[in-house]
Peer 1: 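Take this structure, written in structure tokens, and hold onto it; I'll ask about it next.
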Amino acid sequence: MTYRCLLQMVLLLCFSTTALSINYSLLRFQQRRSIVVCQKLLRQLPSTPQHCLEVRMDFQVPEEMKQAQQFRKEDAVLVIYEMLQQIFSILTRDFSSTGWSETVIEDLLVELQGQMDHLEPIQKEIMQKKKFTMGDMTVLHLKKYYFNLVQYLKSMEYNSCAWTVVRVQMLMNFSFLKRLTGYLHD
């Protein structure tokens, strides 16, 4: 049995109990491992020439993502889940002008889906409690940020330079995600 299969079996056992009673340390380990895989996959995608960065714009990254802010683990779950959903959605758009490998994108989408699948039961349970938290405000700010990314891609007609700029943003997002996983502890 491979290490990955063993890890998946352990995670399935953990997630079969009540979502919030899970071992957050195990969730943190799984999320960090997956984030590293996603970063490696993104770096495998060829970027276009440096001049493309001249067409970048300020996408207004939410301040709470730039600052070392204290998140409760429930807030971190909400924010991580939203970011993964938004990144997944962006990567399902037309990237044909980039020369990117469809296999790499498919692997990236599978990895993102796996992360979301692990987080979804916890996210749903947190949402059912309906407590207004810092995570809720951050999610609203993130939606605006990702809307700006999508509008940028559309306005640039999904050209390779626009995708280069968005790829840089995604790599930065995975750095944020890695930092957020630090808040997932028991």
Side-chain angles (χ1 to χ4, degrees), residues 1-45 61-92 104-146 149 167 169-186:
M1 181 175 290
T2 68
Y3 173 75
R4 186 175 184 147
C5 289
L6 182 61
L7 180 61
Q8 287 174 338
M9 285 176 45
V10 169
L11 289 172
L12 284 174
L13 288 173
C14 287
F15 287 105
S16 65
T17 61
T18 304
L20 286 177
S21 65
I22 65 148
N23 180 334
Y24 273 89
S25 295
L26 183 60
L27 180 63
R28 181 178 64 225
F29 169 78
Q30 186 277 330
Q31 290 295 307
R32 282 195 173 159
R33 183 209 54 80
S34 190
I35 288 167
V36 168
V37 170
C38 288
Q39 287 173 314
K40 285 180 182 176
L41 288 167
L42 268 176
R43 286 186 184 111
Q44 287 178 20
L45 298 173
V61 174
E63 283 301 314
E64 52 271 48
M65 300 307 295
K66 292 190 261 184
Q67 301 169 2
Q69 195 130 9
Q70 287 294 338
F71 280 91
R72 294 178 318 132
K73 61 187 169 191
E74 293 84 4
D75 294 328
V77 167
L78 294 177
V79 171
I80 292 168
Y81 188 78
E82 182 65 29
M83 290 178 75
L84 294 173
Q85 273 191 315
Q86 295 289 341
I87 292 168
F88 186 93
S89 174
I90 288 171
L91 287 172
T92 59
V104 171
I105 295 295
E106 286 172 12
D107 290 348
L108 189 52
L109 291 172
V110 165
E111 196 66 39
L112 290 168
Q113 186 63 55
Q115 288 183 64
M116 289 186 295
D117 290 346
H118 290 299
L119 288 168
E120 187 173 22
I122 304 163
Q123 182 263 355
K124 284 182 178 179
E125 192 168 325
I126 292 168
M127 295 302 286
Q128 285 175 349
K129 290 186 177 187
K130 296 185 182 176
K131 288 184 180 176
F132 186 77
T133 66
M134 186 173 90
D136 294 327
M137 285 305 297
T138 304
V139 165
L140 289 176
H141 297 151
L142 282 170
K143 287 182 182 207
K144 181 179 179 189
Y145 165 74
Y146 287 108
L149 284 176
R167 178 180 165 266
Q169 288 292 307
M170 285 184 195
L171 283 167
M172 183 178 65
N173 282 211
F174 281 107
S175 293
F176 293 147
L177 284 165
K178 191 180 282 186
R179 190 171 355 140
L180 281 170
T181 59
Y183 298 111
L184 301 177
H185 51 79
D186 294 320

Peer 1: Would you call Phe88 and Leu109 a side-chain contact if the rule is heavy atoms closer than 4.5 Å?
Peer 2: yes
Peer 1: With rounding to the nearest 0.5 angstrom, report the CD to NZ distance, Gln86 to Lys143.
Peer 2: 7.0 Å
Peer 1: What are the two closest heavy atoms between Leu184 and Arg28, and how far apart are they?
Peer 2: O-NH1, 2.9 Å
Peer 1: Please round to the nearest 0.5 Å and tell me the distance separating atom CZ of Phe176 and atom CD of Glu64.
Peer 2: 10.5 Å
Peer 1: Compute both the distance and the angle, then confirm whether Lys73 meets the cation-pi test with Tyr24: under 6.0 Å from the six-membered ring centre, within 45 degrees of the axis.
Peer 2: yes
Peer 1: Taking atom types as modelled, is there a side-chain donor on Gln115 or Ser34 under 3.5 Å from an acceptor on the other?
Peer 2: yes
Peer 1: Within the structure provided, determine whether His141 and Val61 are in side-chain contact (heavy-atom separation under 4.5 Å).
Peer 2: no
Peer 1: Do Pro62 and Met137 come close enough that some side-chain heavy atom pair is under 4.5 Å?
Peer 2: no
Peer 1: About how many Å separate CD of Glu63 and OG1 of Thr138, when rounded to the nearest 0.5 Å?
Peer 2: 11.5 Å
Peer 1: Test side chain to side chain contact (heavy atoms under 4.5 Å, CB included) on Asp107 and Gln44; report intermediate values, then the result.
Peer 2: CA-CA 11 Å; Asp107 290 348; Gln44 287 178 20; over 6 Å; no
Peer 1: With a 4.5 Å heavy-atom cut-off, do Gln85 and Glu82 have their side chains touching?
Peer 2: yes
Peer 1: Which heavy atom in Leu84 sits nearest to a heavy atom in Leu112, and how many Å separate them?
Peer 2: CD2-CD2, 3.6 Å
Peer 1: Got a donor-acceptor contact below 3.5 angstrom from the Arg167 side chain to the Leu42 backbone?
Peer 2: yes
Peer 1: To the nearest 0.5 angstrom, please state how far the CG atom of Leu27 sits from the NE2 atom of His118.
Peer 2: 8.5 Å
Peer 1: Should Lys178 and Gln39 count as side-chain neighbours, where that means a heavy-atom distance under 4.5 Å?
Peer 2: yes
Peer 1: Got a salt bridge between Glu111 and Lys40, using NZ or NE/NH1/NH2 to carboxylate O under 4.0 Å?
Peer 2: no
Peer 1: Please name the pair of heavy atoms, one in Phe174 and one in Ile35, separated by the smallest distance, quoted to 0.1 Å.
Peer 2: O-CG2, 3.6 Å
Peer 1: Taking atom OG of Ser175 and atom CE of Met170, what is their separation to the nearest 0.5 Å?
Peer 2: 13.5 Å
Peer 1: To the closest 0.5 Å, what do you measure between CG (Leu91) and CD1 (Ile105)?
Peer 2: 5.0 Å
Peer 1: When you compare the side chain of Asp117 with that of Gln113, does any pair of heavy atoms fall below 4.5 Å?
Peer 2: yes
Peer 1: Between the side chains of Gln169 and Asn173, is a donor N or O closer than 3.5 angstrom to an acceptor N or O?
Peer 2: no
Peer 1: How close do Ala76 and Leu180 get, heavy atom to heavy atom, and via which atoms?
Peer 2: CB-O, 3.8 Å
Peer 1: Side-chain contact test, heavy atoms from C-beta onward, threshold under 4.5 Å: evaluate it for Glu74 versus Ile122 and give yes or no.
Peer 2: no
Peer 1: Do the side chains of Leu177 and Arg32 get nearer than 4.5 Å, heavy atoms only?
Peer 2: no
Peer 1: Please determine whether side chain to side chain contact (heavy atoms under 4.5 Å, CB included) holds for the pair Phe29 and Thr181, giving the CA-CA distance in whole Å, both sets of side-chain angles, and the decisive distance to 0.1 Å.
Peer 2: CA-CA 8 Å; Phe29 169 78; Thr181 59; over 6 Å; no
